[in-house]
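Quick notes on the structure that follows.
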Amino acid sequence: MKLENDRLCVEISELGAEVTRIFDKKNHTELLWNGDARYWKRRSPVLFPNVGKTWHNTVSIGGTHYPTSQHGFARDSAFKCIREKRDQASFLLVSTEETKEVYPFEFELVITYTLEETSLTVEWEVRNPGDEEMYFTIGGHPAFCFADAGDAKTGYMLKFPGKDALEYILIDRKELAADTENVYRLDLEDGCLPLTEEMFENDALIFDNGQISEVWLCRRDGTPRVGMECEGFPNFGVWSVKDAPFVCLEPWMGRCDDVGFDRDISEKPNINKAAPGESFRKSYRIVVR
């Protein structure tokens with residue numbers, strides 16, 4: 001389906017409730033990655049009920065271990081469009097007997113996209129219709145492409161307004177979990193971080209502790225291409241594939257497990273929860289200048 005105004009055209013698939021296109025009509029440019037499988041077949045998947053991998057691909061819930069897949073099952077599930085207007089659409093995914101085999105909770109996940117002038121707001125609502133407290137992480141994974149064919153990472157930078165430095169951790173490539181023992185510092189000049197191919201050799205850069213509330217993908221001369229506003233997110237990921245002409249800006253409410261995390265899901269750092277009959281809401285905004 002399509003959302004459209006004078007500036008932007010947004011296309012959304014019911015598979016995964018995934019945004020598949022953001023087109024800037026004023027500048028005649030695509031902003032979202034096209035899903036070319038040579039690099040990465042996805043475009044803007046929703047990560048639920050887990051962001052990233054869990055320790056040894058299992059999760060402990062109330063004394064039972066359940067198998068998990070990277071980034072959860074929502075991105076490969078068929079949502080139902082429950083609201084459709086020219087500038088807003090909502091999609092619904094509900095628990096089934098099949099989902100309960102890997103995630104035992106009853107849930108309703110509503111994803112709402114709202115187009116307003118030069119921005120697209122993405123809102124998640126996780127409802128708990130069950131009779132026990134529900135635990136989960138949830139995140140965004142939009143990939144923003146570069147402006148012109150042949151553009152490379154070296155022609156772009158990320159700008160973090162108001163920041164002088166950031167700290168990040170990496171994925172332990174052997175354990176496939178977050179290595180919290182080694183913390184790295186990024187010193188920024190005017191809030192800017194030049195992109196390179198080498199920075200993604202160890203997968204994503206993971207920023208914890210709510211460091212990032214705004215970030216812009218810019219050309220090296222400072223011209224902004226697309227930005228993200230994500231106040232109140234404890235975790236954030238920046239990721240790409242070698243030689244791929246895109247970068248993913250990923251606001252996360254919770255993230256992959258740390259190396260060695262084998263406790264109950266309720267003890268996981270930055271875990272989200274919804275009591276019976278209650279809902280959890282969070283949103284971020286994609287902005288074009």
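Quick caveat: nothing in here was measured; it's all calculated off a predicted structure.
- Other residues sharing the hydrophobic cluster of F246, ordered by chain and number and joined by side-chain separations under 4.5 Å: W33, Y39, W40, W239, V241.
- No donor-acceptor pair closer than 3.5 Å links the side chain of T154 to the backbone N or O of T196.
- In this structure, F91 and E14 have side chains that are in contact, with non-hydrogen atoms separated by less than 4.5 Å.
- In this structure the side chain of V110 never reaches within 4.5 angstrom of the side chain of E123, judged on heavy atoms.
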- Hey, mind stepping through N50 and H71 against side chain to side chain contact (heavy atoms under 4.5 Å, CB included) and telling me if it holds? CA-CA 5 Å; N50 54 281; H71 292 321; 5.5 Å; no
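- The shortest non-hydrogen separation linking T137 to N272 is CA-ND2, 3.7 Å.
- Atom OG of S77 and atom CZ of F48 lie 10.0 Å apart (nearest 0.5 Å).
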- Item | Audit row: L32, F23, side chain to side chain contact (heavy atoms under 4.5 Å, CB included) steps and yes/no | CA-CA 8 Å; L32 205 64; F23 180 69; over 6 Å; no
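- D264 contributes a side-chain N or O that, together with a main-chain N or O of G62, makes up a donor-acceptor pair within less than 3.5 Å.
- Counting only distance, with no hydrogens or angles, the side chain of D258 and the backbone of F261 share no donor-acceptor pair below 3.5 Å.
- Remark: side-chain polar atoms of E18 are paired, donor with acceptor, to backbone N or O of R43 under 3.5 angstrom.
- In terms of hydrophobic clustering, with Ile, Leu, Val, Met, Phe, Trp and Tyr side chains grouped at heavy-atom distances under 4.5 Å, V183 and F236 are assigned to different clusters.
- When all heavy atoms of V51 and I138 are compared, the pair lying nearest together is CG2-C, 3.5 Å.
- Taking the charged nitrogens against the carboxylate oxygens, D151 and R219 do have a contact shorter than 4.0 Å, which makes a salt bridge.
- Here the straight-line distance linking atom CD1 of I82 with atom CG of L92 works out to 5.0 Å at 0.5 Å rounding.
- Summarising the local packing, CD of E116 is surrounded by 12 or fewer heavy atoms from other residues, nucleotides or ligands at distances under 6.0 Å.
- Residues R7 and D24 are paired through a salt bridge, judged by an N-O separation under 4.0 Å between the basic side chain and the carboxylate.
- Note on V259: it does not cluster hydrophobically with I265, by side-chain heavy-atom contacts below 4.5 Å among ILVMFWY residues.
- Salt-bridge check for D203 with K53: failed, with every basic side-chain N at 4.0 Å or more from each acidic carboxylate O.
- A distance of 10.5 Å separates CG in L249 from OG in S44, rounded to the nearest 0.5 Å.
- Side-chain N or O atoms of D221 include one that pairs as donor or acceptor with a backbone N or O of T223 at under 3.5 Å.
- Although no hydrogens or angles enter the test, the distance criterion places no donor-acceptor pair under 3.5 Å between the side chain of D190 and the main chain of C192.
- For an aromatic pair to be called close, the ring centres must be under 6.0 Å apart, and W216 with F144 fails this.
- Within a 6.0 Å sphere centred on NZ of K273, other residues, nucleotides and ligands contribute 12 heavy atoms or fewer.
- Annotation: side chain of K100 is in contact with side chain of S95 (closest heavy-atom distance under 4.5 Å).
- Residues E84 and C81 approach most closely at CB-SG, 4.0 Å, considering heavy atoms.
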- With side chain to side chain donor-acceptor pair (under 3.5 Å) as the test, would you mind laying out the steps for S119 and R285 before giving the verdict? CA-CA 7 Å; S119 70; R285 195 160 74 112; 3.1 Å; yes
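- N235 places a side-chain heavy atom less than 4.5 Å from the side chain of N270.
- Separation of atoms SG (C9) and CG (L3) is listed at 8.5 Å; rounding is to 0.5 Å.
- Side-chain contact between T114 and Q88: present, with at least one pair of heavy atoms (C-beta onward) separated by less than 4.5 Å.
- Within a 6.0 Å radius of NZ in K268, other residues, nucleotides and ligands contribute more than 12 heavy atoms.
- Annotation: cation-pi pair K282/F233 present, NZ/CZ under 6.0 Å from the ring centroid and within 45° of its normal.
- A donor-acceptor contact shorter than 3.5 Å is absent between the side chain of Y113 and the backbone of I12.
- V247 is connected to V19 through a chain of hydrophobic side-chain contacts under 4.5 Å among Ile, Leu, Val, Met, Phe, Trp and Tyr, so both are in one cluster.
- E117 CD: 12 or fewer foreign heavy atoms inside a 6.0 Å radius.
- A side-chain donor-acceptor contact under 3.5 Å links E197 to the backbone of D243.
- For the atom pair CG (L205) and CG (L166), the distance works out to 10.0 Å, reported to the nearest 0.5 Å.
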- Item | Worked verdict on I171 versus C256 for side chain to side chain contact (heavy atoms under 4.5 Å, CB included) | CA-CA 9 Å; I171 299 293; C256 64; 3.8 Å; yes
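- At least one side-chain heavy atom of Y156 sits under 4.5 Å from a side-chain heavy atom of R225.
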- Message: Apply side chain to side chain contact (heavy atoms under 4.5 Å, CB included) to residues F79 and V46 and explain how you reach the verdict.
- Response: CA-CA 11 Å; F79 284 68; V46 177; 5.6 Å; no
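- Aromatic rings of F105 and F136 (six-membered ring for Trp) have centroids beyond the 6.0 Å cut-off, not under it.
- Taking 4.0 Å as the cut-off between side-chain N and carboxylate O, D208 and R255 count as a salt-bridged pair.
- Using a cut-off of 4.0 Å between Lys/Arg side-chain N and Asp/Glu carboxylate O, E167 and R185 are scored as not salt-bridged.
- F73 approaches P49 most closely through the heavy-atom pair CE2-CD, 3.5 Å.
- E229 is not listed as a side-chain neighbour of S213, based on a closest heavy-atom distance of 4.5 Å or more.
- Linking Ile, Leu, Val, Met, Phe, Trp and Tyr residues whenever their side-chain heavy atoms come within less than 4.5 Å places I111 and I22 in a single cluster.
- Shortest non-hydrogen contact noted between T112 and S90 is OG1-OG, 2.7 Å.
- Between the side chain of S13 and the backbone N or O of A17 there is no donor-acceptor pair closer than 3.5 Å.
- Here the straight-line distance linking atom CG of L115 with atom CG of N5 works out to 4.0 Å at 0.5 Å rounding.
- Looking only at side-chain heavy atoms (C-beta outward), Y66 and T68 stay at 4.5 Å or farther from each other.
- Considering every non-hydrogen atom in both P224 and C218, the closest pair reads CA-SG, 3.8 Å.
- The hydrophobic clustering, which links ILVMFWY residues whose side-chain heavy atoms are closer than 4.5 Å, places I271 and W55 apart.
- Side chain of K153 to backbone of S240: no donor-acceptor contact under 3.5 angstrom is found.
- In this structure, the side chain to side chain donor-acceptor pair (under 3.5 Å) partners of E267, at least two apart in sequence or on a different chain, are R263.
- Sparse packing is recorded around CG of D6, with 12 or fewer heavy atoms of other residues, nucleotides or ligands lying under 6.0 Å away.
- A salt bridge between R21 and E30 is present, with a side-chain N of the basic residue lying under 4.0 Å from a carboxylate O of the acidic one.
- Counting only residues at least two apart or in different chains, salt bridge (charged side-chain N to carboxylate O under 4.0 Å, His left out) contacts with residues 124-136 comprise E108-R127, E125-R127, E125-R281.
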